[in-house]
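The basis for the numbers below is simple: all heavy atoms, side chains too, and nothing from hydrogens, waters or symmetry mates.
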Amino acid sequence: MTSSVEAFSNVLLKLHDIAEYAPIDRYQELALDAVQEILPFDTAWWGIMSPNEVSFRLHGSHLHNLPDSFVPMWEELKYDDALAKAVEVKPAQTVYFDQPAFDEAPGLATLMGEHAVTQAFCTSHYLPSENAFVFLSLYREDGSPRFNVREGVINKHLMPHLCAFWESNRMRYSEKYKGKLQDESIYLAIVDRQYQIFDADNTFFDVLRQEWPKLNSLTLPKEMVAQMHRATPSAEIKFGRIIAHYEFIGDFCILAIRERQQIDLLTKRELMVAKAFSTGASYKDIARSANLSPTTVRYYLRVIYDKLNVNNKAEMATLIRSTSFSESQKIWMQSYRVIQKASQRSGRSTFNLIGTSI
């Protein structure tokens, strides 16, 4: 008994470290590696879904040792997912399915059979004030030991911690991201695969309603969704009253928004000239790099001063630094990718970013 408690405690400590230091799109994989120490499994599926009139909508998905084809196949057969239906009505309980239980739902049996799964442990955890739940399905293949009652208890009591640490990981990421933008007028949200807002404060919604006053749901406006493409994983999009910058990371999207400001009046060429001049480049330097004449550069600067309502280079530089978030986002994302690649190479469950320059 004592050794079991110690093992459970050690896993919780590891999960705390993972939530503290892991990149946002690595938390689930690393957390599952830690879970293996006290609850072995062959494959797993961890995500977020919500019930609808006929089946379920998938909001987030992480596969462990399962092929990418698993989710599309589930989408085709989800109307017969008896396991999802069971955990929906039994939140915070561990539901056990074996081969006979799979066989009672032909669609589920097909999905499990295609992926060599013969038994499953699944637990759900409802999200506060949302009609959605986090689920974790642990699978074992033919020849693996049967899940037992003790493991069911472990799974039940571990799930709330996994969800709490996952939320903590997302919030820490948002705080670090926000800190690197160095602009309090920028507001962040984490958006799921259905473009529903997952983590955001009230101010984010206030700014969003500057553009869409009638917005009353957690789903992003369709006009914004139409311009957010996974094929273009990072981009800035402009609307009448707000500017947005999105970054797809794993199954989530980080969305930063702010109200349109004076700097947004500049064209791309004017913004390039303004940034170059404000960082010390001369008329000739700018003219040479942009293939313009010095006279044209002077003309651009007069237009820029007028649009920004500034009188000198120092005022212009201050305004650009305080209102343009694209460059700071770019720097932050480059640093994040370096950390992410390093963590993947090391394969460790703890990533100490203290002292890292981001």
Side-chain angles (χ1 to χ4, degrees), residues 177-189 203-204 206-213 220-248 253-338 357-358:
Y177 196 108
K178 174 71 174 179
K180 297 306 171 184
L181 295 180
Q182 298 179 340
D183 187 348
E184 294 184 357
S185 66
I186 297 172
Y187 303 96
L188 298 177
T203 309
F204 179 90
D206 292 339
V207 175
L208 208 56
R209 290 190 184 98
Q210 293 291 320
E211 187 74 28
W212 295 280
L220 291 179
K222 61 182 180 180
E223 296 87 353
M224 179 175 282
V225 172
Q227 297 193 49
M228 297 171 65
H229 307 289
R230 287 186 178 273
T232 306
S234 176
E236 183 173 286
I237 47 181
K238 296 183 179 182
F239 300 95
R241 297 183 179 180
I242 68 169
I243 303 290
H245 190 106
Y246 68 83
E247 183 83 30
F248 284 105
C253 175
I254 309 302
L255 180 63
I257 63 173
R258 64 170 171 81
E259 296 181 51
R260 292 194 73 141
Q261 300 176 13
Q262 284 178 296
I263 195 172
D264 301 309
L265 298 173
L266 303 183
T267 65
K268 289 184 178 180
R269 179 60 65 90
E270 290 167 351
L271 183 60
M272 180 275 294
V273 171
K275 287 181 177 179
F277 191 64
S278 66
T279 55
S282 67
Y283 293 146
K284 291 183 179 180
D285 292 335
I286 299 172
R288 190 180 305 111
S289 63
N291 195 27
L292 299 170
S293 70
T295 301
T296 302
V297 173
R298 289 188 179 92
Y299 169 76
Y300 272 127
L301 285 170
R302 286 198 298 272
V303 172
I304 291 166
Y305 279 24
D306 183 57
K307 284 186 175 182
L308 299 184
N309 193 27
V310 297
N311 298 309
N312 53 57
K313 180 166 65 175
E315 290 181 4
M316 181 175 66
T318 300
L319 185 62
I320 289 174
R321 283 197 303 270
S322 65
T323 59
S324 178
F325 66 169
S326 296
E327 286 303 312
S328 53
Q329 275 204 320
K330 182 178 179 180
I331 293 169
W332 161 245
M333 287 310 306
Q334 288 173 341
S335 301
Y336 176 82
R337 295 303 182 195
V338 170
S357 177
I358 302 177

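- For I237, the side chain to side chain contact (heavy atoms under 4.5 Å, CB included) test picks out M224, Q227, M228, F239, A244, Y246, with sequence neighbours left out.
- Residues meeting the side-chain hydrogen bond (donor to acceptor under 3.5 Å, both in side chains) test with K307, sequence neighbours left out: E270.
- If you take OG on S278 and CD1 on I304, they are separated by 9.5 Å, rounding to the nearest 0.5 Å.
- Under the side-chain hydrogen bond (donor to acceptor under 3.5 Å, both in side chains) criterion, the residue pairs touching residues 291-306 are S293-T296, with sequence neighbours excluded.
- Within the model, atoms CG of L208 and CD of E259 stand 11.5 Å from one another, a figure rounded to the nearest 0.5 Å.
- The salt bridge (Lys or Arg N to Asp or Glu O under 4.0 Å) analysis of residues 222-232, with sequence neighbours excluded, yields no pairs.
- Closest non-hydrogen pair, E236 versus H245, comes out as CB-ND1, 3.8 Å.
- Of the residues listed (I243, V207, L188), the one engaging I257 in a side-chain contact (heavy atoms from CB on, under 4.5 Å) is V207, and it is the only one.
- Heavy atoms only, all atoms of each residue included: M272 and A290 are closest at CE-CB, 3.5 Å.
- Within the 4.5 Å cutoff, side-chain heavy atoms of R269 are placed close to those of L292.
- A 4.5 Å side-chain heavy-atom check between I286 and P294 finds every atom pair outside the cut-off.
- The backbone N or O of H229 sits nowhere less than 3.5 Å from a side-chain atom of T232 that would complete a donor-acceptor pair.
- Contact detail for A274 and L266: the closest heavy-atom pair is CB-CD1, 4.3 Å.
- In this structure, E247 contributes its side chain and L255 its backbone to no donor-acceptor pair below 3.5 Å.
- Under the salt bridge (Lys or Arg N to Asp or Glu O under 4.0 Å) criterion, R288 pairs with D285, not counting sequence neighbours.
- Note: F277 CZ to K313 NZ = 5.0 Å, rounded to the nearest 0.5 Å.
- Residues I242 and R260 approach most closely at N-CG, 3.5 Å, considering heavy atoms.
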